[in-house]
Amino acid sequence: MVYDAIATRMAALQQAIVGACRQVSGDVKRLPTLVAASKGQSVAAIEAAIALGVTDFGENRVQEAQEKWPEIKVRHPHLRLHLIGPLQSNKVADAVALFDVIETVDRIKIADALAAEAAKTRRSLDYYIQVNIGEESQKSGVLPAELDNLLKHAREGGHLNIVGLMGVPPADANPAPYFALLAKLATRYGMKQLSMGMSHDFDVAIRLGATHVRIGTALFGTRI
Ligand SMILES: *Cc1c(COP(=O)(O)O)cnc(C)c1O
């Protein structure tokens, strides 16, 4: 039941992703990575997605991830778990222990705490800087004007392997200019990975260079 519904959505999603890639270059050899946003989803739904070939998952909250993921990771050690929600200082140790990728580094204090924890535990993760591309007061992410400073700081420490940028455009706007801005910033700073695009706008994000799309409802259906 759960499996069939997710399998149907997965097939449609893959077709849409391939379609968006064709619009970029006709080249569908390098598909963006699907990061399945599994917040609010059951272990059964996650297992269905794994059976369908999903290798990367995103969770928003460290505590929810701790409740669901240790058992799943034992069964599927090859999976990559991404933190895609905001990170508080008091959760840094738990996050470094559980996640493989942290996409939401957005301030010096958190970058320093992550670097210290990674050095202490010798855990090697990939990190993205989250940019507040719409400069919205309620959203997390570093402001575009402050990216330079944060990135210099994080790179100087040498402990954080910053591989890319992540961003979420304003809810009710045309996302294209915001994705284009994030892509431009990634190019400027020599970063290869671009995590952008969700269920309703991943096609636009792929056309503008997304290497990772974070998709929840289009794969799992409505969250409970
Ligand atoms: C929930 C979430 C997603 C996925 O959203 P959908 O609209 O369900 O695809 C992507 N990114 C972040 C940061 C999220 O919190």
Side-chain angles (χ1 to χ4, degrees), residues 2 5-6 8-17 19-20 31-42 45-46 48-49 52 54-69 79-88 91 95 98-107 110 126-142 163-176 178-179 181-183 186 193-224:
V2 176
I6 294 174
T8 304
R9 287 192 211 94
M10 179 74 175
L13 192 54
Q14 276 171 327
Q15 213 169 34
I17 289 174
L31 292 178
T33 301
L34 169 62
V35 180
S38 49
K39 60 171 174 266
Q41 300 299 338
S42 64
I46 292 168
L52 289 159
V54 177
T55 57
D56 288 64
F57 288 83
E59 286 283 348
N60 286 67
R61 293 178 53 244
V62 175
Q63 195 179 329
E64 180 181 343
Q66 282 179 310
E67 286 158 15
K68 291 183 336 202
W69 279 92
L79 296 178
R80 286 167 66 80
L81 188 59
H82 300 233
L83 179 64
I84 61 173
L87 179 59
Q88 308 303 327
K91 296 284 182 191
L98 181 62
F99 287 88
D100 304 289
V101 183
I102 291 180
E103 297 201 15
T104 50
V105 180
D106 66 352
R107 55 197 190 277
I110 282 291
D126 285 346
Y127 300 88
Y128 291 65
I129 290 182
Q130 181 178 2
V131 184
N132 187 350
I133 36 182
E135 306 197 17
E136 298 169 279
S137 57
Q138 80 281 14
K139 274 226 178 92
S140 33
V142 65
V163 298
L165 298 180
M166 179 273 216
V168 181
D172 297 317
N174 169 13
Y178 298 98
F179 291 148
L181 169 64
L182 197 65
Q193 312 300 338
L194 257 185
S195 173
M196 59 187 197
M198 304 172 27
S199 290
H200 60 285
D201 57 12
F202 66 85
D203 53 332
V204 183
I206 290 170
R207 275 186 260 133
L208 289 163
T211 62
H212 293 68
V213 289
R214 307 178 311 273
I215 295 183
T217 44
L219 177 64
F220 292 113
T222 316
R223 283 181 281 278
I224 19 104

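First listed ligand is number 1; within each ligand, the first listed atom is number 1. Note that the numbering runs from 1 along the sequence shown for the chain.
Counting atoms of ligand 1 from 1 in the listed order, those under 4.0 Å from a heavy atom of Lys39 are 1 (C), 2 (C), 3 (C), 14 (C), 15 (O). For ligand 1, the atoms lying closer than 4.0 Å to a non-hydrogen atom of Ile215 are 9 (O). Every atom of ligand 1 is numbered from 1 in the order shown, and the set under 4.0 Å from a heavy atom of Ile84 is 11 (N), 12 (C), 13 (C), 14 (C). Contact atoms of ligand 1 toward Ala37: 3 (C), 4 (C) (distance under 4.0 Å to a heavy atom of the residue). Heavy-atom contacts of Arg214 reach the following atoms of ligand 1: 4 (C), 9 (O), 10 (C), 11 (N), 12 (C), 13 (C) (cutoff under 4.0 Å).
Using a distance-only test at 3.5 Å, with no hydrogens or angles considered, no donor-acceptor pair links the side chain of Asp56 to the main chain of Leu34. A donor-acceptor contact shorter than 3.5 Å links the side chain of Thr104 to the backbone of Gly85.
Residue nearest to atom 5 (O) of ligand 1, selected from His200, Met198, Gln130: Met198 (by heavy-atom distance).
Contact annotation for Asn60 and ligand 1: only side-chain heavy atoms (C-beta onward) come within less than 4.0 Å of the ligand. Residue contacts with ligand 1 for Ser199 involve both N, CA, C or O and side-chain atoms from C-beta outward (heavy atoms, distance under 4.0 Å).
Checking Gln193 against Thr211 by side-chain atom types alone, a donor-acceptor pair falls below 3.5 Å.
Nearest heavy atom pair, residue Met196 against residue Ala205, reads O-CB, 3.2 Å. The two residues Asn174 and Ala176 come nearest to each other via the heavy atoms OD1-N, 3.0 Å. Smallest separation of non-hydrogen atoms from Thr217 and Arg9: O-CD, 4.0 Å.
The N/O atoms of Gly216, backbone and side chain alike, include one that comes under 3.5 Å of an N/O atom in ligand 1.
No option in Gln130, Glu103, His212 other than Glu103 meets the side-chain hydrogen bond (donor to acceptor under 3.5 Å, both in side chains) test with Ser195.
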